[in-house]
Participant: 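This is the structure I want to talk about, given as structure tokens.
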Amino acid sequence: MVNKNTESSFSERPEKKDFIRQIIDKDIESGKYDGRVHTRFPPEPNGYLHIGHAKAIVVDFGIAKDYNGLTNLRFDDTNPTTEDVEYVDSIQEDIKWLGYDWEDRLFYASQYFDKFYEYAQMLIKKGLAYVCSLSLEEIKEYRGTVKEAGKPSPDRDRPAQESLALLEGMKNGDFAEGQYTLRAKIDMAHPNMKMRDPLIYRIRHAHHHQTGDKWHIYPMYDFAHCLEDSIEGITHSLCTLEFQNNRALYDWFLEALDLYHPQQIEFARLELSHTVTSKRKLKELVDKEIVDGWDDPRMPTLCGLRRKGYPAEAIRNFCEDVGLAKRNSTVELALLEYHVRQVLNKSALRMMGVVNPLKVVITNYPEGKDEWLEAVNNPERPEDGTRLVPFSRELYIEQDDFMEDAPKKFFRLSQGREVRLRYAYFITCHDIIKDENGKIIEIHCSYDPETKGGNAPDGRKVKATMHWVSAQHAKQVEVRVLNNLFSEENPNKKEEGKTFIDYMNPNSLEVISNCFVEPELAKAKAGVNYQFERIGYFILDSRYSSPERPVFNRTVTLKDAWAKIKKK
RNA sequence: UGGGCUGUCGUCAAGUGGUAAGACACAUGGUUUUGGUCCAUGCAUUCCCGGGUUCGAAUCCUGGCAGCCCAGCCA
């Protein structure tokens, strides 16, 4: 749990422990694994990490850290046809960014291929594995169904010597892909489908990103994974729920080979509302150029969220807050956004920027004059100090901050009404200038010189304080307003004739090019979050922004009470 | 003719036989030079449903129901 109040973290209220930590507590008490805790994060390098992986990373690294244990990063690279070094690089970058360190424990499943081969030979010698000549279709047919027992392969009783020789041939590339497989001899009538003589090796004449062309056979997940864990001395092998059926196999291989036996524990994967995390769907968005890459700021990938301006700390806090259980669940995006705002509220510098400008002329302010007024950089952190913002006769305010026929609950600027321009003056609107179509193009106001800095000496109050920028001093920038990629809460839901693409939000990206920001923001630094006061948090886009032409991504809005009132 | 897992507030989630934590969301008030933050208050007489055991059940037993996963030479 994340403590809202940092003071209270000193109190010794007992932390609620999730079921995995409860298991580990018992293991430590009983002396299992000599009190060690050693986990691993084992991604297959076949795609970019996303918010769902973030939970696994926080669980794997976080739990080990809680027990002064260790965590390995291990690439589970047993299928060369889907993998690429592009991914092994991006995965490392994303884990580091998230704030975790595997130190010198970076491993590859492929570095154990020789050992795996020896273990396979041992299995054959023990009569627990055989080379099978059934085709893909036949294997499927022989496996039976969920309700009917399978039948044994005709090769099931192939003599060990023969299997050994055939396996050697497979390894040497003597056979075509699909011609033979190595299978574990378990039980073709087993109620758990995973146990019906599962494959151990398949032939793949493929180039591997780590081992090159050395191998013509590659091990299957179920055979490899338990061995990887065992070799590395993992104590608790944490994975997601869909591997529950695989645990029997995990245990079977380790028992059959009489090896050190880590404990596999499954937990529910993280699903987020209004987004998709399936690799296939994410890839489709990239391939169809619906987004501009894996790091498009609307994507739930870690690189996308980073580009959008989500702080790593917020993602970590979110994952911890979501909790750990065995129940399939979908967390609302609102919780993630809450944590983003929570972190950014404390850290982001406040600035003034007008996204949808409306020109204001202060008719009683001298032409050609300007004043530099002091503004607070972050009220949550006084040590961030103050800066100067220029004020002059012509300004921009937000279009939403002016309304001609304002309802009662609208507190902002309207004809005859007085408001405060933050850190500047009280102004009152007198005239509205419209074009021939009746569109408001400019408003005329007067200011009260006595209210400099924003305080009225006579103590009179205003109902609104608004942000603004001086027209002649402002920097024109582009703002990319990022909204949910999907308008549907659950884009994975299945409806007649619809795919997840049909649930996309047509307005997930709005590019606004004529925005104006205060001079200080013209110096905005890459990778730094800023709050545009009263609007939201923004960050320079790492792809499209340049010093001449800054481009800001909207990370998240501020909560907006007026928007709610307006809806009613 | 199956096996594994799971059902507690809109969404997550504690609870492990002693009388339903917490967070987000939502609502209402207070503070405020951000309709932000912050603060306060409210928000499950009831835990998928039925039966049973017990002084006492979300927790134990029993019978249902619902959802997710498994029939890749993917992980």
Side-chain angles (χ1 to χ4, degrees), chain A residues 1-2 4 16-18 22 42-44 46 76 78-79 81-82 132 134-136 139-141 143-150 177-178 180-183 189-196 198-204 217-218 220-222 224-225 239-248 266 268 270 273 279 318 321-339 341-342 345-346 350 352 375-376 379-380 409-412 420-424 426 453-455 461-467 489 531-536 557-565:
Chain A
M1 293 299 280
V2 178
K4 242 187 185 173
K16 302 280 183 191
K17 289 201 174 168
D18 54 74
Q22 289 177 23
E44 183 187 17
N46 68 348
D76 210 355
T78 56
N79 185 3
T81 59
T82 58
C132 176
L134 253 27
S135 70
L136 198 110
I139 286 181
K140 184 180 163 72
E141 184 197 328
R143 186 149 36 215
T145 71
V146 113
K147 305 220 178 202
E148 297 161 45
E177 288 190 10
Y180 289 110
T181 56
L182 181 70
R183 297 231 253 162
H190 200 108
N192 180 351
M193 296 293 287
K194 297 284 181 199
M195 300 296 272
R196 320 249 259 230
L199 271 59
I200 292 174
Y201 271 112
R202 77 285 215 186
I203 298 171
R204 277 287 124 86
I217 53 173
Y218 290 92
M220 298 292 290
Y221 165 85
D222 286 301
H225 204 90
C239 62
T240 42
L241 251 29
E242 66 270 25
F243 290 102
Q244 284 175 129
N245 294 325
N246 302 249
R247 190 177 60 239
E266 312 86 12
L270 169 66
S273 74
K279 201 164 293 171
F318 167 72
D321 197 18
V322 156
L324 206 44
K326 298 183 76 162
R327 172 189 331 168
N328 289 317
S329 59
T330 303
V331 179
E332 287 174 349
L333 190 59
L335 184 63
L336 213 205
E337 293 187 334
Y338 164 80
H339 283 285
R341 291 191 184 103
Q342 199 66 22
N345 176 54
K346 281 181 269 169
R350 314 292 136 116
M352 292 200 284
V376 174
E380 304 292 321
K409 295 199 167 175
F410 184 81
F411 298 158
R412 284 108 97 143
R420 170 168 43 231
L421 293 181
R422 187 152 216 220
Y423 303 121
F426 283 15
N455 288 305
K461 304 281 189 211
V462 288
K463 294 199 86 171
T465 300
M466 296 169 14
H467 62 101
E489 193 178 307
Q531 182 190 107
F532 288 14
E533 289 210 49
R534 304 206 305 133
I535 301 181
T557 61
L558 254 31
K559 283 179 80 179
D560 187 351
W562 166 239
K564 281 182 188 169
I565 297 166

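Residue numbering restarts at 1 for every chain, and letters A, B, ... go by the order of the sequence lines. Values in this document were obtained by computation on a predicted structure and should not be read as measured data.
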Participant: For A/Asn246, which of A/Glu266, A/Met195, A/His225, A/Lys194 qualifies under side-chain contact (heavy atoms from CB on, under 4.5 Å)?
Facilitator: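 Exactly one candidate clears the test, A/Lys194.
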Participant: Looking only at N and O atoms, is any donor in the side chain of A/Glu380 or the base of B/G36 less than 3.5 Å from an acceptor on the other one?
Facilitator: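 Flag set: donor-acceptor pair detected.
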Participant: B/G15 and B/A20: how far apart are their C1' atoms, nearest whole angstrom?
Facilitator: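 Looking at atom C1' only, B/G15 and B/A20 are 8 Å apart.
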Participant: Check every strand shown and say whether A/Lys194 touches a base, only sugar-phosphate, or nothing at a heavy-atom separation below 4.0 Å.
Facilitator: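 Here A/Lys194 touches the bases of the nucleic acid.
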Participant: So what does A/Pro379 hit on the nucleic acid, given a heavy-atom distance under 4.0 Å: a base, only sugar-phosphate, or nothing?
Facilitator: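 Base contact.
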Participant: So, OP1 or OP2 of B/C70: does either fall under 4.0 Å of a side-chain N or O from A/Arg143?
Facilitator: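 For B/C70, neither OP1 nor OP2 has a side-chain N or O of A/Arg143 closer than 4.0 Å.
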Participant: Contact class for A/Asn79 (heavy atom, under 4.0 Å): base, sugar-phosphate, or nothing?
Facilitator: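 Touches sugar-phosphate only.
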Participant: Please report the distance, rounded to the nearest Å, between CG in A/Leu182 and C1' in B/C73.
Facilitator: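 Rounded to whole Å, this separation is 12 Å.
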Participant: Starting at the 5' end of nucleotides 10-15 of chain B, put B wherever the base has a protein heavy atom under 4.0 Å, S where only the sugar-phosphate does, and a dash everywhere else.
Facilitator: BSSBSS
Participant: How close or far is atom C1' of B/G72 from atom CZ of A/Phe243, stated in whole angstroms?
Facilitator: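 Rounded to whole Å, this separation is 13 Å.
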Participant: Would you mind reading off the distance between A/Glu148 atom CD and B/C70 atom C1', rounded to a whole angstrom?
Facilitator: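 Those two atoms, CD and C1', are 15 Å apart.
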Participant: Determine which nucleotide pairs with B/C65, using a 3.5 Å limit on both distances of a Watson-Crick or G-U wobble pair.
Facilitator: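 Pairing partner: B/G7.
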Participant: List in chain and number order the residues that pass ring-ring contact (aromatic ring centres under 6.0 Å, His included) with A/Tyr218, two or more places apart in sequence or in another chain; answer none if no residue qualifies.
Facilitator: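 For A/Tyr218 the ring-ring contact (aromatic ring centres under 6.0 Å, His included) partners, ignoring immediate neighbours, are A/Phe113, A/His208.
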Participant: Please report, rounded to the nearest Å, how far the P atom of B/U34 is from the NE2 atom of A/His467.
Facilitator: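 Spelled out: NE2 on A/His467 to P on B/U34 is 13 Å.
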Participant: Which base, if any, makes a Watson-Crick or G-U wobble pair with B/C26, both distances under 3.5 Å?
Facilitator: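 The answer is B/G42, by the H-bond criterion.
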Participant: Look at A/Thr78 and B/A75 and indicate whether a side-chain polar atom (N or O) is within less than 4.0 Å of OP1 or OP2.
Facilitator: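 So the side chain of A/Thr78 is within the cut-off, an N or O lying under 4.0 Å from OP1 or OP2 of B/A75.
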Participant: Could you check how far CZ of A/Arg341 sits from P of B/A23, rounded to whole Å?
Facilitator: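 Rounding to the nearest Å, CZ of A/Arg341 and P of B/A23 are 18 Å apart.
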Participant: Enter syn or anti for the glycosidic conformation of B/G72, syn applying to angles within 90° of 0.
Facilitator: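 In terms of base orientation relative to the sugar, B/G72 is syn.
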Participant: Provide the distance between the two C1' atoms, one in B/G42 and one in B/U32, to the nearest whole Å.
Facilitator: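 One C1' to the other, the span is 23 Å.
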Participant: For nucleotides B/G2 and B/G10, find the distance between their P atoms and express it as a whole number of Å.
Facilitator: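 Each nucleotide's P atom is 34 Å from the other's.
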Participant: Under 4.0 Å between any heavy atoms, over every strand shown, what does A/Phe410 touch: base, sugar-phosphate, or nothing? Just pick one.
Facilitator: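 If one applies the 4.0 Å heavy-atom cut-off, A/Phe410 turns out to touch a base.
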Participant: Both A/Arg350 and A/Thr82 contact RNA chain B. Which one's nearest nucleotide lies toward the 5' end?
Facilitator: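 Result: A/Arg350.
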Participant: Could you work out the separation of B/A57 and B/C39 based on their P atoms and round it to a whole Å?
Facilitator: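 Those two atoms are separated by 38 Å.
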Participant: Using the P atom as the reference point in each nucleotide, state the distance between B/A13 and B/G56 in Å, no decimals.
Facilitator: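 About 32 Å, rounded to a whole number of Å.
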Participant: Could you let me know what B/U34 is paired to, Watson-Crick or G-U wobble, both distances under 3.5 Å, or none if it's on its own?
Facilitator: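 Answer to the pairing question: none, since B/U34 forms no Watson-Crick or G-U pair.
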Participant: Starting at atom CG of A/Asp222, determine the distance to atom P of B/C69, rounded to an integer number of angstrom.
Facilitator: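 Going from CG in A/Asp222 over to P in B/C69 covers 18 Å.
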Participant: Please tell me if A/Lys559 has a side-chain N or O lying less than 4.0 Å from either OP1 or OP2 of B/G35.
Facilitator: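 Negative; the distance criterion is not met.
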Participant: Without decimals, in angstroms, what is the distance between A/Tyr423 OH and B/U32 P?
Facilitator: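 That distance rounds to 16 Å.
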Participant: For the backbone of A/His190 and the side chain of A/Arg196, can you confirm whether one donor and one acceptor N or O come within less than 3.5 Å of each other?
Facilitator: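 Indeed, once roles are kept as given, a pair shorter than 3.5 Å links the two residues.
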Participant: Rounded to whole angstrom, note down the P distance from B/C69 over to B/C61.
Facilitator: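 Looking at atom P only, B/C69 and B/C61 are 27 Å apart.
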Participant: Across the strands shown, which category fits A/Gln531 at heavy-atom distances under 4.0 angstrom: base, sugar-phosphate, nothing?
Facilitator: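 Base, at least one base heavy atom under 4.0 Å.
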Participant: Looking at B/C26, I'd like to know if its phosphate oxygens (OP1 or OP2) sit under 4.0 Å from a side-chain N or O belonging to A/Lys564.
Facilitator: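 Looking at the OP1 and OP2 atoms of B/C26, one of them is under 4.0 Å from a side-chain N or O of A/Lys564.
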Participant: Mind checking who B/A21 pairs with, Watson-Crick or G-U wobble, both distances under 3.5 Å?
Facilitator: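 The answer is none; no pair meets the criterion.
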Participant: Just to verify, what does A/Asp18 make a salt bridge (Lys or Arg N to Asp or Glu O under 4.0 Å) with, not counting sequence neighbours?
Facilitator: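 A/Asp18 satisfies salt bridge (Lys or Arg N to Asp or Glu O under 4.0 Å) with A/Arg21 once adjacent residues are dropped.
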Participant: Base, sugar-phosphate, or nothing: which does A/Leu270 touch, judged by heavy atoms less than 4.0 Å apart?
Facilitator: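 No contact at all - A/Leu270 keeps every heavy atom at 4.0 Å or more from the nucleic acid.
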Participant: Find the distance A/Met195:CE to B/C69:P and express it as a whole number of Å.
Facilitator: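 Going from A/Met195 (CE) to B/C69 (P), I get 22 Å.
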Participant: Considering residues at least two apart in sequence or located in another chain, which fulfil the side chain to side chain donor-acceptor pair (under 3.5 Å) criterion with A/Ser273?
Facilitator: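 By the side chain to side chain donor-acceptor pair (under 3.5 Å) rule, A/Ser273 matches no residue at all.
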Participant: Measure the spacing between OH of A/Tyr221 and CD of A/Glu44 and express it to the nearest 0.5 Å.
Facilitator: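 Reported value, rounded in 0.5 Å steps: 11.0 Å.
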Participant: With P as the reference atom in both, quote the distance from B/A23 to B/G18 in angstrom, rounded to an integer.
Facilitator: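 Their P atoms lie roughly 24 Å apart.
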Participant: Do A/Arg420 side-chain atoms and A/Lys461 backbone N/O form a donor-acceptor pair below 3.5 Å?
Facilitator: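 No; zero donor-acceptor contacts below 3.5 Å.
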Participant: Considering just the side-chain nitrogens and oxygens of A/Arg204, establish if one lies under 4.0 Å of OP1 or OP2 belonging to B/C74.
Facilitator: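 Result: yes.
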Participant: Looking at A/Lys147, does any N or O in its side chain come under 4.0 Å of the phosphate oxygens OP1/OP2 on B/G2?
Facilitator: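 So the side chain of A/Lys147 is within the cut-off, an N or O lying under 4.0 Å from OP1 or OP2 of B/G2.
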Participant: For A/Ile535 and for A/Leu336, locate the closest nucleotide of RNA chain B by heavy-atom distance; then report the residue assigned to the nucleotide nearer the 5' terminus.
Facilitator: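 By nearest-heavy-atom nucleotide position, the 5'-most residue is A/Leu336.
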Participant: Side-chain N or O of A/Gln342 versus OP1/OP2 of B/C38: is the shortest distance under 4.0 Å?
Facilitator: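 Indeed, a polar side-chain atom of A/Gln342 lies that close.
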Participant: Under the rule for ring-ring contact (aromatic ring centres under 6.0 Å, His included), what residues qualify as partners of A/Phe532, not counting sequence neighbours?
Facilitator: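 A/Phe538, A/Phe552.
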Participant: In Å, rounded to the nearest 0.5 Å, how long is the span from CG of A/Leu324 to NZ of A/Lys17?
Facilitator: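 Here the interatomic distance stands at 13.0 Å.
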Participant: Assign A/Asn455 to base, sugar-phosphate, or nothing according to its heavy-atom contacts below 4.0 angstrom with the strands shown.
Facilitator: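 Base contact - A/Asn455 has a heavy atom under 4.0 Å of at least one base atom.
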Participant: Per the atom types in the model, does the base of B/G3 pair as donor or acceptor with the side chain of A/Asn245 at under 3.5 Å?
Facilitator: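 By the distance-only test, yes, there is a pair.
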Participant: At what distance, to the nearest 0.5 angstrom, does OG1 of A/Thr240 lie from CG of A/Leu270?
Facilitator: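 Spacing of OG1 (A/Thr240) from CG (A/Leu270) equals 11.5 Å.
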Participant: Is any side-chain N or O of A/Tyr338 closer than 4.0 Å to OP1 or OP2 of B/C24?
Facilitator: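 Yes, because at least one side-chain N or O of A/Tyr338 sits under 4.0 Å from OP1 or OP2 of B/C24.
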Participant: Do the side-chain N or O atoms of A/Arg247 get closer than 4.0 angstrom to the phosphate oxygens (OP1, OP2) of B/C70?
Facilitator: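 No, no such contact exists.
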Participant: Determine the interatomic distance between P on B/U46 and the same-named atom on B/C55; round to the nearest Å.
Facilitator: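 24 Å, rounded to whole Å.
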Participant: List the residues meeting side chain to side chain donor-acceptor pair (under 3.5 Å) with A/Thr81, not counting sequence neighbours, and say none if there are none.
Facilitator: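 Listed in chain order: A/Asn79.
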Participant: Using purine N1 to pyrimidine N3 plus N6-O4 or O6-N4 for Watson-Crick, or N1-O2 and O6-N3 for G-U wobble, each under 3.5 Å, what pairs with B/G2?
Facilitator: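 Answer to the pairing question: B/C70, which forms a Watson-Crick or G-U pair with B/G2.
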